[in-house]
Every structure is written in structure tokens, then in C-alpha cells.
Amino acid sequence: MKIVVLAGGISPERDVSLSSGTKIAQALRGSGHRCALVDMYLGLEDYPGLTGEELYAAPLPERWRQVGRVEPDLDAVRAGRKWDGKGEFGPGVLELCREADVVFLALHGQCGEDGRVQAAFDLLGIPYTGSGYLGSAIAMDKDLTKRLVRNVVNTPEWSFAEYAETDIDALAEKTPLPCVVKPVDSGSSVGVSIAWDEAGLRAALREGLKHGGRCVLERYVKGREIQVAILDGKALPAIEIVPKEGFYDYENKYQAGAAEELCPAPITPEQTRDVAAQTEAVFRTLGLAVYSRADFILDEDGKFWFLEINTLPGMTPTSLVPQEAAAAGIDYPALCRHIIDSSLALGR
């Protein structure tokens, strides 16, 4: 099969995406597929002089394998683009994708996980992996997701704020503390802060302005971090995340050894069934497809609280979905093949 793995893009999760894409491409090539790995934003600039079939045998860039401690400087990425065209698809990307049997979406965050790429591919008749455009768009919006699922799962109280610098004092005065401040449409814990007091909340809101000034202010729930992947509508074994310092932020997610990951999670059989059922309920309610990963907090009273769901979860060397699949007896190459087969079976 001829497969394009589409990664990178121009979101704060760009480096995570490139790492995911590199690992996916390596696994698919190892399974005998012809596989081209391309950065959605820079396009074929990464492969000067290569065209057509040569791209399917091009060496995978070593610099893409590792994720740095902080998110990338997107202004520098934009400045480094040689092509003077407009838009988020770089030179040659759409042409390459049109020739493939399927595009494996290894994109994360606002560029690729929010439904826009899926909608474009639907219009162009390009087969791709994962959820469709509508479910992707809904799941990317944390406020809209919580509005839709609050009657089927437990989710912490929250408010949505679209604000400017002049609104920060008023927001800080009326928001119950402690709370978690999250950009409404970002992932990998980019821009996420826990505010314990008004000063911390003001600082978190100012940080949120860097990510568009559209945030979810969610009641902080103390407890254990439990995450559950889902494959073909069925939950995989849950995993517990225990950061060695702080919370499960961007650095703790992608630096090897920064967090202890326990899979299957050390929870009771009843709790395992409960969180699996909640994950599957969210998946169905949002109309998702193929695979995803949901995040929960298990509080001190044994109650699960749903936080968010990711439609294109990480596939890096430290990511959780591959670990959960392995606990279910599905190794990494088999997981990649399963995602492709299930996506193609949708007949898009």
C-alpha cells in the first residue's frame, strides 16, 4: 500500500506531531508498505530534488524523532518557510496525498486535529485515518465537548471566557478557586495552568492571551490522572500517569522518565468498567471514529471526572495509546495497520 504520513503543521504541537509521524512511518515501512513522511506546512522543502516514488524511500529525518522540553517557536518556523505560497498546506503536499492509497494523519492540535484538514480531504476525495471533520472539530473545542457530554459523564464545573487584557481583573474576581485554565482548542497541555489564588489566576489568564485569549476555566479536581484509549469504539486498558514533579504538562508528557506510567492502571475491576463505559459514551456522543484517548481524574472518593478527549492522540515513543494497545496484545506496527484498516472500512 502507498501511504503518506502527514505530520508537523503549524500548531504548538508541531514537534510532537513530527515525532509521532516518524515512528508511524518507520513502523509502516517495517510492515512492507511504501510510506512517505511529509511536514504538512513545509511540504517537500524537506526533500530537495526528490520527486514521486523517491519520496517513499527517503530517509526519515533524525531531528524529527525527539520532542524538545518546550513547544516550538512557530514564528521561526513560518520565517523559515522558503515557499511564498499561502495556506497551511506546503508545496507538493496535496498532490502527494492525492496519489496515495491513504493518508495517515499524525497531526496534533489546531492544525490537523480540528477538522479542517479532514474537511479538505473529504472534498478532494482523499482517504485518511481517524475521525471525520465534524467529530474532530467538536472534540477540539473543550467548551463545546463538555456541553455535549455533561449529561452522559461526570465533568468538572467550568466556564468559557473569551477575553482581553482589560477583562482579566473581572474574571479573576468572579472565578472560583482553585481552577485549571486551559486554551479552549489546544492539546498536549500547551498553555495549561493550575491557579491556586487570584494572583496565579491572573498570571494564567495573561499566559492564555498568548494562545488566543479563549479559555476554559475548570474547577480543579484533586486526584489520580487516568487516561483511556479507545479503538473501534471499545476502551483499551486504562493507564495511570504519575508525574515525578508538578502535573502532566508538556515537558512531563514527552521527556522520557519525567512521569511514571502504569498500565493497566492499578484501579479496581469496577472502576475499570466505569471509566471504560464513560470513555465509550463520550466517543459515541461526539460521533468519533476509529480511535481516540480520553483524560480523567479519579478523585479521593473514587469518582471519575472527564476532562477532554483527543481524536489524534500522540504516537511518540512516550505516548499512551501505544502503551494501552500493547497491554491489550496489540504491538505498535499492528496498531498502525489496524488504524488504517478501520479508517478505510468507513468508505470515506
Side-chain angles (χ1 to χ4, degrees), residues 1-9 16-40 53 55-58 60 64-65 89 93-108 111-113 115-136 139 229-236 283 287-293 309-317 319-348:
M1 190 179 292
K2 186 188 290 188
I3 304 166
V4 169
V5 177
L6 195 59
V16 183
S17 170
L18 291 171
S19 180
S20 288
T22 304
K23 190 167 176 63
I24 292 165
Q26 184 176 18
L28 292 173
R29 286 183 177 183
S31 297
H33 296 288
R34 288 181 294 162
C35 185
L37 173 62
V38 63
D39 179 343
M40 174 178 160
E53 293 299 316
L55 294 168
Y56 289 88
L60 303 177
W64 289 358
R65 294 183 185 274
F89 288 107
V93 171
L94 287 176
E95 293 80 1
L96 186 66
C97 291
R98 278 174 163 162
E99 295 172 358
D101 295 313
V102 65
V103 176
F104 199 120
L105 294 179
L107 298 163
H108 303 317
C111 177
E113 200 168 355
R116 291 181 296 161
V117 169
Q118 291 83 351
F121 281 4
D122 282 342
L123 291 173
L124 293 170
I126 297 173
Y128 57 89
T129 57
S131 293
Y133 76 92
L134 183 57
S136 299
I230 196 164
L231 188 62
D232 293 336
K234 296 296 182 182
L236 294 174
F283 190 87
L288 304 183
V290 186
Y291 74 122
S292 66
R293 193 204 70 241
I309 193 164
N310 300 273
T311 57
L312 291 178
M315 296 282 281
T316 75
S319 291
L320 307 180
V321 172
Q323 295 184 56
E324 295 184 51
I330 306 170
D331 66 19
Y332 192 97
L335 175 61
C336 293
R337 295 193 301 268
H338 190 112
I339 289 170
I340 289 173
D341 291 344
S342 293
S343 299
L344 290 175
L346 296 173
R348 290 190 285 243

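Bear in mind the structure is a predicted one, so any value in this text is a computation, not a measurement.
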Close side-chain approach of [X] and [Y], heavy atoms under 4.5 Å:
| X | Y | answer |
| --- | --- | --- |
| Val102 | Val4 | no |
| Arg293 | Leu236 | no |
| Leu105 | Val117 | yes |
| Leu312 | Tyr291 | yes |
| Arg337 | Ser31 | yes |
| Val5 | Leu28 | yes |
| Phe104 | Leu6 | no |
| Leu94 | Leu124 | yes |

Residue pair [X] / [Y]: nearest heavy atoms and the distance that separates them:
| X | Y | value |
| --- | --- | --- |
| Ala27 | Pro333 | CB-CA, 4.2 Å |
| Tyr133 | Gly115 | CB-O, 3.4 Å |
| Gly130 | Leu346 | O-CD1, 4.2 Å |
| Gly132 | Arg348 | N-NH1, 3.6 Å |
| Val321 | Ser292 | CG2-O, 4.4 Å |
| His33 | Met1 | ND1-CB, 3.3 Å |

By side chain to side chain donor-acceptor pair (under 3.5 Å), which residues pair with Asp122, not counting sequence neighbours? Tyr128
Dump the intermediate steps for side chain to side chain contact (heavy atoms under 4.5 Å, CB included) on Glu113 and Ser136, then the final yes or no. CA-CA 6 Å; Glu113 200 168 355; Ser136 299; 6.0 Å; no
What distance separates [X] [atom1] from [Y] [atom2], expressed to the nearest 0.5 Å?
| X | Y | atom1 | atom2 | result |
| --- | --- | --- | --- | --- |
| Leu37 | Ile24 | CG | CD1 | 9.0 Å |
| Ser17 | Leu107 | OG | CG | 4.5 Å |
| Leu344 | Thr129 | CG | OG1 | 9.0 Å |
| Asp341 | Cys336 | CG | SG | 11.0 Å |
| Gln26 | Tyr332 | CD | OH | 9.0 Å |
| Leu96 | Glu99 | CG | CD | 6.5 Å |

Decide side chain to side chain contact (heavy atoms under 4.5 Å, CB included) for Tyr56 and Ile3; before the verdict, give the C-alpha distance in whole Å, the side-chain angles of both, and the deciding distance to 0.1 Å. CA-CA 8 Å; Tyr56 289 88; Ile3 304 166; 5.9 Å; no
What's the verdict on side chain to side chain donor-acceptor pair (under 3.5 Å) for Asp232 and His338, showing C-alpha distance, side-chain angles and the deciding distance? CA-CA 9 Å; Asp232 293 336; His338 190 112; 2.4 Å; yes
Gln118 side chain to Gly112 backbone, donor-acceptor under 3.5 Å: yes
Sidechain-backbone polar pair: Arg65 side chain, Pro317 backbone, donor-acceptor under 3.5 Å: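 Not a single qualifying donor-acceptor pair exists.
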Take Val38 and Leu55 through the test side chain to side chain contact (heavy atoms under 4.5 Å, CB included) and record every step on the way to the result. CA-CA 9 Å; Val38 63; Leu55 294 168; over 6 Å; no
Within 6.0 Å of NZ in Lys2, more than 12 heavy atoms from elsewhere: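 Yes, enclosed.
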So, Glu53 and Arg34, do they make that salt bridge, N to O below 4.0 Å? yes
Stepwise, does the side chain to side chain contact (heavy atoms under 4.5 Å, CB included) test hold for Leu335 with Asp331? CA-CA 6 Å; Leu335 175 61; Asp331 66 19; over 6 Å; no
Candidate pair Thr316 and Ser319, rule side chain to side chain donor-acceptor pair (under 3.5 Å), full reasoning: CA-CA 5 Å; Thr316 75; Ser319 291; 2.8 Å; yes
